[in-house]
Amino acid sequence: MGKVVLVTGVARRLGGRFVRRIQREPDVERVIGVDAVPPEHRLGGADFVRADIRHPTIGKLLAEYGVHTVVHMDINGTPLGARGNRASVKETNVIGTMQLLGACQKAPSVQRLVVKSSTSVYGSAPRDPAVFSETTPPKSLPSGGFAKDTVEVEGYVRGFARRRPDVAVCVLRFANILGPCADSPLAEYFALPVLPTVIGYDPRLQFVHEKDAIEVLRIAASEPRRSTLNSGTFNIAGDGVLLLSQAARRLGRPTLPLLLPTLRWARTALRSLGITDFSPEQIRLLTHGRVVATTQMRETLGFEPEHTTAGALADYAHSRGPGLLPPETLARTVDRLAALLPAGAQP
């Protein structure tokens with residue numbers, strides 16, 4: 001008999017893609033997809049159960065299906081369609097995780113837990129180290145938004161791991177996920193026609209492609225391969241780093257440098273445009289940036305991303321179409337200006 005895998009958050013496209021991928025594993029007999037709303041995409045041969053993880057009914061599902069592996073993907077920074085506002089997302093992230101972990105603790109069949117977390121747990125501060133490792137403490141804990149949610153979620157996961165030492169627990173701290181189907185807060189920000197930035201700052205950013213996110217989730221949900229260990233906490237990001245200004249040019253998006261107080265004031269206007277997690281922590285990211293080390297991802301987990309940070313952004317940009325200043329047009333303009341200037345002068 002193969003194992004039963006339960007996946008939360010399958011109404012989102014990333015969750016749906018992971019469900020379809022994990023079904024192809026030879027040791028997986030059945031996949032149960034759970035969400036509070038029916039998905040608009042197909043789940044292949046998986047069983048969909050409409051359930052809200054904030055309610056105790058999730059415990060009955062674990063017992064009824066004899067679930068072996070739980071992949072908790074319903075931790076997000078943006079609401080899904082009509083699911084609600086930022087408050088409802090926070091409830092799902094925090095209260096939902098508490099309920100799910102409580103149910104897992106009481107379910108003897110559960111032997112593996114995978115949690116989709118975020119590098120936002122490190123926060124973004126002016127005196128941050130150049131690179132965060134998995135053991136680097138943040139200079140200042142996030143005070144709000146999705147970043148604070150992830151800190152609370154990981155705290156509950158550590159408590160669960162102490163109470164159920166027999167369960168293999170894997171926490172994946174993803175950098176900003178980008179790709180054609182990405183629905184992260186940063187993906188929403190990059191979709192704006194003009195990108196508001198903090199004047200005087202050009203933060204360093206990392207991205208992970210959604211295809212790589214699916215693959216590393218699969219590795220974490222499977223039995224560890226030889227010479228690897230998929231229990232613990234791992235930073236997940238593509239190779240390389242991009243400055244925000246570089247990302248804006250590659251997207252063809254003009255930037256609007258603002259004083260920090262002005263940008264904070266503009267939060268209300270941005271929320272009216274659908275940017276639901278433009279929290280103080282998101283503004284800190286766009287001010288100070290964040291870079292993480294991925295040594296453990298490669299040497300311990302045994303995962304090598306297919307896409308670099310730049311590659312993930314390029315695929316995202318291709319799916320969204322050209323911005324107001326397409327890179328090709330910008331390059332031609334710079335070339336023309338250079339031709340008009342005296343020899344040795346810079347445009």
Side-chain angles (χ1 to χ4, degrees), residues 6-19 32-41 43 48-62 70-104 113-118 120-121 141-157 160 171 173-174 176-177 181-189 191-192 210 213 264 266-285:
L6 183 142
V7 184
T8 67
V10 298
R12 293 180 182 268
R13 285 180 287 184
L14 189 68
R17 291 181 63 178
F18 174 72
V19 164
I32 313 297
V34 176
D35 211 307
V37 295
E40 297 181 354
H41 43 258
L43 297 179
F48 173 71
V49 178
R50 186 171 184 174
D52 194 327
I53 62 172
R54 293 174 293 181
H55 301 151
T57 52
I58 190 68
K60 297 179 181 179
L61 292 177
L62 296 177
V70 174
V71 181
H72 184 27
M73 299 184 63
D74 207 356
I75 305 173
N76 302 283
T78 57
L80 177 64
R83 282 184 67 173
N85 52 21
R86 165 64 197 153
S88 65
V89 173
K90 180 177 179 62
E91 286 185 7
T92 300
N93 290 344
V94 180
I95 305 301
T97 298
M98 290 177 62
Q99 287 284 2
L100 178 64
L101 295 177
C104 290
L113 171 67
V114 180
V115 178
K116 179 178 78 71
S117 186
S118 167
S120 61
V121 297
L141 287 173
S143 59
F146 175 61
K148 185 178 180 183
D149 291 356
T150 56
V151 170
E152 294 183 28
V153 163
E154 287 202 11
Y156 294 130
V157 171
F160 168 80
V171 176
R173 290 176 176 168
F174 287 99
N176 297 281
I177 298 176
C181 301
D183 60 357
S184 63
L186 198 65
E188 287 189 343
Y189 169 77
L192 291 172
E210 57 193 25
R264 289 169 179 162
R267 289 171 55 194
T268 303
L270 289 169
R271 283 175 176 169
S272 69
L273 295 174
I275 307 300
T276 55
D277 191 58
F278 210 79
S279 63
E281 296 308 318
Q282 187 76 353
I283 294 176
R284 284 192 176 192
L285 174 66

Look only at the side chain of Arg50 and the backbone of Ala36, and say whether a donor-acceptor pair between them is shorter than 3.5 Å.
-> yes
Glu152: partners by side chain to side chain contact (heavy atoms under 4.5 Å, CB included), with sequence neighbours left out | Lys90, Val94, Lys148, Tyr156
Report the residues that fulfil side chain to side chain donor-acceptor pair (under 3.5 Å) with Ser143, sequence neighbours left out, ordered by chain and then residue number.
-> Glu281
Donor-acceptor contact below 3.5 Å, side chain Asn176 vs main chain Leu186 = no
Nearest heavy atoms of Cys104 and Leu62, plus distance in Å = N-CD1, 3.6 Å
With sequence neighbours excluded, residues passing side chain to side chain contact (heavy atoms under 4.5 Å, CB included) with Arg17 | Arg20, Cys181, Glu210, Lys211, Ile214
Could you state the interatomic distance from NZ (Lys116) to CZ (Arg12), rounded to the nearest 0.5 Å?
-> 7.5 Å
Checking Ser184 side chain against Ile177 main chain: does a donor-acceptor pair fall under 3.5 Å?
-> yes
Among Val115, Thr97, Leu113, Leu100, whose side-chain contact (heavy atoms from CB on, under 4.5 Å) with Phe160 holds?
-> Leu113
Taking all non-hydrogen atoms of both residues into account, name the closest pair between Val10 and Asp35 and its distance.
-> N-OD2, 3.1 Å
Would you find a donor on one side and an acceptor on the other, under 3.5 Å apart, between the side chain of Asn93 and the backbone of Asn76?
-> yes
Between Asp149 and Ile75, does a side chain to side chain contact (heavy atoms under 4.5 Å, CB included) hold up when you go through it step by step?
-> CA-CA 8 Å; Asp149 291 356; Ile75 305 173; 5.6 Å; no
Rounded to the nearest 0.5 angstrom, the CD1-NE2 distance for Ile53 and His72 is 4.5 Å
Listed by chain and number, what are the side chain to side chain donor-acceptor pair (under 3.5 Å) partners of Gln99, not counting sequence neighbours?
-> none
Side chain to side chain contact (heavy atoms under 4.5 Å, CB included) between Ile58 and Leu61: does it pass, once the steps are laid out?
-> CA-CA 5 Å; Ile58 190 68; Leu61 292 177; 3.9 Å; yes
Shortest non-hydrogen contact from Val171 to Ser117?
-> CG1-CB, 3.7 Å
Can you sort out the partners of Arg284 under salt bridge (Lys or Arg N to Asp or Glu O under 4.0 Å), two or more places apart, ordered by chain and number?
-> none
Would you name the heavy atoms of Phe48 and Val34 that are closest together and state the gap between them?
-> CE1-C, 4.3 Å
Do you know which two heavy atoms are closest between Leu101 and Val157, and how far apart they sit?
-> CD1-N, 3.7 Å
Is a donor on one side and an acceptor on the other found under 3.5 Å between the side chain of Thr8 and the backbone of Asp74?
-> yes
Those residues at least two apart in sequence (or on a different chain) that pass side chain to side chain contact (heavy atoms under 4.5 Å, CB included) with Ser118 are Ser120, Phe146, Thr150
Across all chains, not counting sequence neighbours, the salt bridge (Lys or Arg N to Asp or Glu O under 4.0 Å) partners of Arg54 are Asp52, Glu91
Which atom of Thr57 lies closest to which atom of Ala51, heavy atoms considered | OG1-CB, 4.5 Å
Begin from the C-alpha positions of Val114 and Met73 and carry the test side chain to side chain contact (heavy atoms under 4.5 Å, CB included) through to its verdict.
-> CA-CA 8 Å; Val114 180; Met73 299 184 63; over 6 Å; no
